[in-house]
Trainee: 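First the structure, which I've put down as structure tokens, then a few questions once you've had a look.
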Number of protein chains: 2
Amino acid sequence: MYTIGQVAELFHLPVSTLRYYDKQGLFPGMARTSGIRRFGEGELEALRVIECLKKSGLEIRDIRQFMDWCTEGAATYPQRLELFQRQRANVEEELVRLNKVLDMLKFKCWYYEQAMADGGEERVKSMIPHQLPEEIQASYQNAHGE
Amino acid sequence: MYTIGQVAELFHLPVSTLRYYDKQGLFPGMARTSGIRRFGEGELEALRVIECLKKSGLEIRDIRQFMDWCTEGAATYPQRLELFQRQRANVEEELVRLNKVLDMLKFKCWYYEQAMADGGEERVKSMIPHQLPEEIQASYQNAHGE
DNA sequence: CCTTGACCTGAACTCAGGTTTAGGTGTTAT
DNA sequence: ATAACACCTAAACCTGAGTTCAGGTCAAGG
């Protein structure tokens with residue numbers, strides 16, 4: 001069992017955030033001894049799931065919903081599965097989008113390297129969109145077109 | 001040249017957001033005819049870069065900084081390159097994190113599929129962390145340990 | 001003419017996700 | 001025993017990124 005301060009350190013989170021999560025109902029049924037929160041294995045796994053669901057784009061209120069489902073038992077397996085499937089699809093789409101962003105950034109890095117070497121953007125600008133080096137062109141097209 | 005409404009449609013953004021971006025200085029030197037904003041190719045490319053930099057984790061004020069560098073000419077190539085390199089590193093890290101999130105979600109999907117098939121979590125819980133099917137174990141470990 | 005629709009502005013409002021503050025409790029080192 | 005810590009609460013505050021509102025301009029169509 002851990003205190004809030006230990007968990008804060010373990011997860012590199014401010015204590016205030018953990019208290020905020022608790023107040024939002026993200027640790028239903030967490031143990032306390034004379035008012036002091038006691039984080040067990042269940043709460044640590046909850047916290048891992050919270051971070052996961054947050055990064056997958058879920059809001060706090062929907063994470064609470066999930067935690068409530070967990071306390072309701074086996075009857076809510078379908079909802080929980082559906083939630084994870086939805087978030088999984090979300091994240092897969094997000095990965096595609098982020099890869100486009102990365103390609104744009106790669107292109108811009110290349111662009112400014114050229115511009116710096118040339119002392120101006122004229123030459124590199126004139127290469128867009130069809131005289132680019134092969135790899136850069138691939139990035140450019142992934143970032144721009146559909 | 002496009003009106004704000006046309007650009008809103010092209011980029012699937014509310015008109016109010018475009019005006020907000022403009023007010024934040026994200027389109028320095030945008031043309032106007034009798035008060036009405038005229039978006040040209042420059043502004044469209046700016047908008048693409050804005051979306052890219054936003055998704056890479058940059059705040060509006062730092063995007064404005066970049067736009068200002070662009071109007072300052074060749075002297076700011078180094079800053080602009082450095083910005084894109086930093087954001088690129090950011091996004092690469094973010095992709096790693098998001099892939100961990102995805103692995104957690106995959107694991108949880110599998111977990112609840114098993115739980116639903118079994119009518120309970122006992123069996124599947126008992127398999128954690130070393131009796132999991134190979135692929136699931138890989139996801140589990142990527143999502144959990146370092 | 002006069003109404004409709006697309007544009008304009010500045011200022012106030014919203015919302016999520018925390019963070020900070022003020023005031024208090026309880027246990028442990030000096 | 002008293003100071004220093006780590007913990008507690010409720011409530012106010014903050015920030016970024018927009019959105020909404022109130023009031024106004026202007027061009028085109030019936």
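Here is how names work: the chains are called A, B, and so on, in the same order as the sequence lines, proteins then strands, and each is numbered from 1. Quick caveat, the model's predicted, so the values are computed rather than measured.
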Trainee: From OH of Tyr20(B) over to P of dC21(D), roughly how many Å is that when rounded to an integer?
Mentor: 19 Å
Trainee: Are a donor atom and an acceptor atom from the side chains of Tyr77(B) and Glu121(A) found within less than 3.5 Å of each other?
Mentor: yes
Trainee: Considering just the side-chain nitrogens and oxygens of Tyr21(B), establish if one lies under 4.0 Å of OP1 or OP2 belonging to dG18(D).
Mentor: yes
Trainee: Looking across every strand, which nucleic acid part, if any, lies under 4.0 Å from Glu59(A) by heavy atom: base, sugar-phosphate, or nothing?
Mentor: sugar-phosphate
Trainee: Can you check each nucleotide of nucleotides 8-13 of chain C against protein heavy atoms at under 4.0 Å and return B for base, S for sugar-phosphate only, - for none, in 5' to 3' order?
Mentor: BBB---
Trainee: For Glu9(B) and dA6(C), what is the distance between atoms CD and P respectively, to the nearest whole Å?
Mentor: 11 Å
Trainee: Can you measure Ile50(B) atom CD1 to dG16(D) atom C1' for me and round it to whole angstrom units?
Mentor: 16 Å
Trainee: Taking the minimum atom-to-atom distance to the side chain of Thr17(A), which one of dG17(C), dT19(C), dC7(C) wins?
Mentor: dT19(C)
Trainee: Over how many whole Å does the gap from Tyr2(B) atom OH to dA6(C) atom P extend?
Mentor: 19 Å
Trainee: Mind checking whether Phe27(A) and Phe39(A) have ring centres under 6.0 Å apart?
Mentor: yes
Trainee: Is there a side-chain contact between Leu81(B) and Tyr111(A) in this structure, where contact means two heavy atoms from C-beta onward sitting under 4.5 Å apart?
Mentor: no
Trainee: Has Thr3(B) got a side-chain N or O lying under 4.0 Å from the OP1 or OP2 atom of dC7(C)?
Mentor: yes
Trainee: Ser34(A) or Ser16(A): which one's nearest nucleotide on DNA chain C is closer to the 5' end?
Mentor: Ser16(A)
Trainee: Flag the pair Phe66(A) / Arg80(A) as yes when at least one side-chain heavy-atom distance between them is below 4.5 Å, and no otherwise.
Mentor: yes
Trainee: Got more than 12 heavy atoms from elsewhere within 6.0 Å of CD, Glu9(B)?
Mentor: no
Trainee: Between Gln24(B) (CD) and dT15(D) (P), how many Å, whole number?
Mentor: 15 Å
Trainee: Apply the test side chain to side chain contact (heavy atoms under 4.5 Å, CB included) to residues Arg97(B) and Lys55(A): give CA-CA distance (whole Å), side-chain angles for both, the deciding distance (0.1 Å), then the verdict.
Mentor: CA-CA 9 Å; Arg97(B) 281 190 292 270; Lys55(A) 283 196 195 157; 3.4 Å; yes
Trainee: Using whole Å, report how far CG of Leu53(B) lies from C1' of dA17(D).
Mentor: 16 Å
Trainee: Identify the two heavy atoms, one from Leu26(B) and one from Met67(B), that lie closest to each other, and give their separation to 0.1 Å.
Mentor: O-CG, 3.5 Å
Trainee: Can you measure Ile63(A) atom CD1 to dG18(C) atom C1' for me and round it to whole angstrom units?
Mentor: 13 Å
Trainee: Would you kindly give the CG-to-P distance between Leu18(A) and dG17(C), to the nearest whole Å?
Mentor: 16 Å
